[in-house]
There are 2 protein chains.
Amino acid sequence: MAGRNIDEWIDRYLSVSFLVMKRGAALVKDSLCEEMTHDQYYLLRYIRRRGACTSTELAAMFGVNKSAVTAMTNRLVDKGWLRRDRDERDRRVVVLSLTEQGEAWIAEMDRNVYRLVEEVIARFPEEEIETFIRTYERLAHVLQEVEEAK
Amino acid sequence: MAGRNIDEWIDRYLSVSFLVMKRGAALVKDSLCEEMTHDQYYLLRYIRRRGACTSTELAAMFGVNKSAVTAMTNRLVDKGWLRRDRDERDRRVVVLSLTEQGEAWIAEMDRNVYRLVEEVIARFPEEEIETFIRTYERLAHVLQEVEEAK
DNA sequence: TCCATTTTGTTCAACTGTTGAACTATTAGT
DNA sequence: ACTAATAGTTCAACAGTTGAACAAAATGGA
């Protein structure tokens, strides 16, 4: 690849990724209720999709320390959205899963957030959406590989 | 568009955007020095590109409160990377611009971050990169429109 | 011109998310 | 059996954020 081209891509990517991150977070936050933060919404979504998971898995998945996960899950347990159970087969492990209340709240929040994302997505041609998301998913995968290679 | 398709896209987009945000932030942070945070790096980059700007502009651009900008810029001024000057034509306005030291630090950080992003980008075909970034930029633009329409 | 309104930015308390070191409890590997 | 490694928590110290209250300056009608 031409060096000129690459540097331009890098610059454009860095600029736009920060913009989308900030603006996207602000919009999603507006779609949530006072009680639920942006990060809590995504964390609960992830746990729901996985059914149940551990602090270690969450920390690795999101690239944060385990103590950060403890702090976040504490708040979610306090709100009654998340359940902490000790794994009987390996008593070091804590199994995290949604409570019924948590399921209900996240479903409620989903309604607003989906409406928002749909409004955004609707402005793009279908093919562009599919292509974009596919590359985005590949990017998430590559980031994990690069992280693991350290 | 088929409802089924849209909901699948929304779900995939929400999941992957959080992953990329978190993992990307973690990797960029590793490329920075102890003294500079992820957010500070992007903020300084933005101000450098604009030459100079105001708190109001930054707050609108990144979708945060002006008080958040004050707090961030305070830390950057304390470190000697950012300069605060009153606008002589409108004395309410504070003009933010990089100091020479700030320019030097951000150039230094750029070297590491560019190396990282290049490593990631190199794993994609050129055409996919260009297509992806173009849609990403369109997305940033749409998010701003949606924000403004509120 | 005068005064109310708007705009720009700051301060403050309170909160979320994060790190990194020190710690406990449990398991795994010889 | 004992040392290693693993899973998670606690804690102090930060960065980033909100929202309300505030000060200072500019604007715009009457």
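Labels below follow one simple rule: chain letters A, B, ... track the order of the sequence lines, proteins then strands, and each chain is numbered from 1. Remember, it's a predicted structure, so these values are computed and weren't measured experimentally.
- Residue-to-nucleotide proximity on DNA chain C shows that, of B/V95 and A/H38, the 5′-proximal contact is made by B/V95.
- With a 4.5 Å cut-off on side-chain heavy atoms, B/K29 and B/T37 do not count as touching.
- D/dA4 adopts a syn glycosidic conformation, its chi angle falling within 90° of 0.
- Scanning for side-chain hydrogen bond (donor to acceptor under 3.5 Å, both in side chains) contacts around B/E128 gives A/T135, A/R138, with sequence neighbours left out.
- Of the listed nucleotides (D/dT9, C/dG9, D/dG16), C/dG9 has the atom at the smallest distance from the side chain of B/V94.
- Separation of atoms OG1 (B/T70) and CG (B/N65) is listed at 9.5 Å; rounding is to 0.5 Å.
- With sequence neighbours excluded, the residues that form a salt bridge (charged side-chain N to carboxylate O under 4.0 Å, His left out) with A/D90 are A/R92.
- No salt bridge links B/D110 with B/R115; every basic N to acidic carboxylate O contact stays at or beyond 4.0 Å.
- Between B/E35 atom CD and D/dC14 atom P the separation is 14 Å, expressed in whole Å.
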**OP:** Please report the C-alpha distance between B/V117 and A/W9 in whole Å, then the side-chain angles of each, then the deciding distance to 0.1 Å, and finally whether the side-chain contact (heavy atoms from CB on, under 4.5 Å) criterion is met.
**Re:** CA-CA 9 Å; B/V117 179; A/W9 278 330; over 6 Å; no
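- With respect to the salt-bridge test (charged N to carboxylate O, under 4.0 angstrom), the residues A/D11 and B/R49 do not qualify.
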Show each protein N/O and nucleotides 25-28 of chain D N/O combination with a separation under 3.5 Å, one pair to a line.
residue	atom	partner	partner atom	Å
D/dA26	OP1	B/R91	N	3.1

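- Pairing partner, C/dT27: none, since no Watson-Crick or wobble contact has both distances short of 3.5 Å.
- In this entry D/dA4 has no Watson-Crick or G-U wobble partner, no candidate having both defining distances under 3.5 Å.
- Taking atom OH of residue B/Y42 and atom P of nucleotide D/dG16, one finds them 13 Å apart after rounding to whole Å.
- Rounded to the nearest 0.5 angstrom, B/L96 CG and B/C53 SG are separated by 5.5 Å.
- The CG-P distance, from A/L96 to D/dT9, rounds to 8 Å in whole Å.
- Shown for residues 56-78 of chain A: residues whose heavy atoms fall under 4.0 angstrom of DNA chain D, namely A/T56, A/K66, A/S67, A/T70.
- Residue pairs meeting the ring pair (Phe, Tyr, Trp, His ring centres under 6.0 Å) criterion with at least one partner in residues 54-85 of chain B, sequence neighbours excluded, are A/F18-B/F62, B/Y46-B/F62, B/W81-B/W105.
- Relative orientation of the A/Y42 and A/H38 rings is perpendicular, given thresholds of 30° and 60° on the angle between their planes.
- B/T54 has no side-chain polar atom (N or O) that falls below the 4.0 Å cut-off from OP1 or OP2 of C/dT8.
- Summarising the geometry, atom CD belonging to A/E57 is positioned 13.0 Å from atom NZ belonging to A/K66; distances are rounded to the nearest 0.5 Å.
- Against DNA chain D, the stretch residues 20-34 of chain B makes no heavy-atom approach under 4.0 Å.
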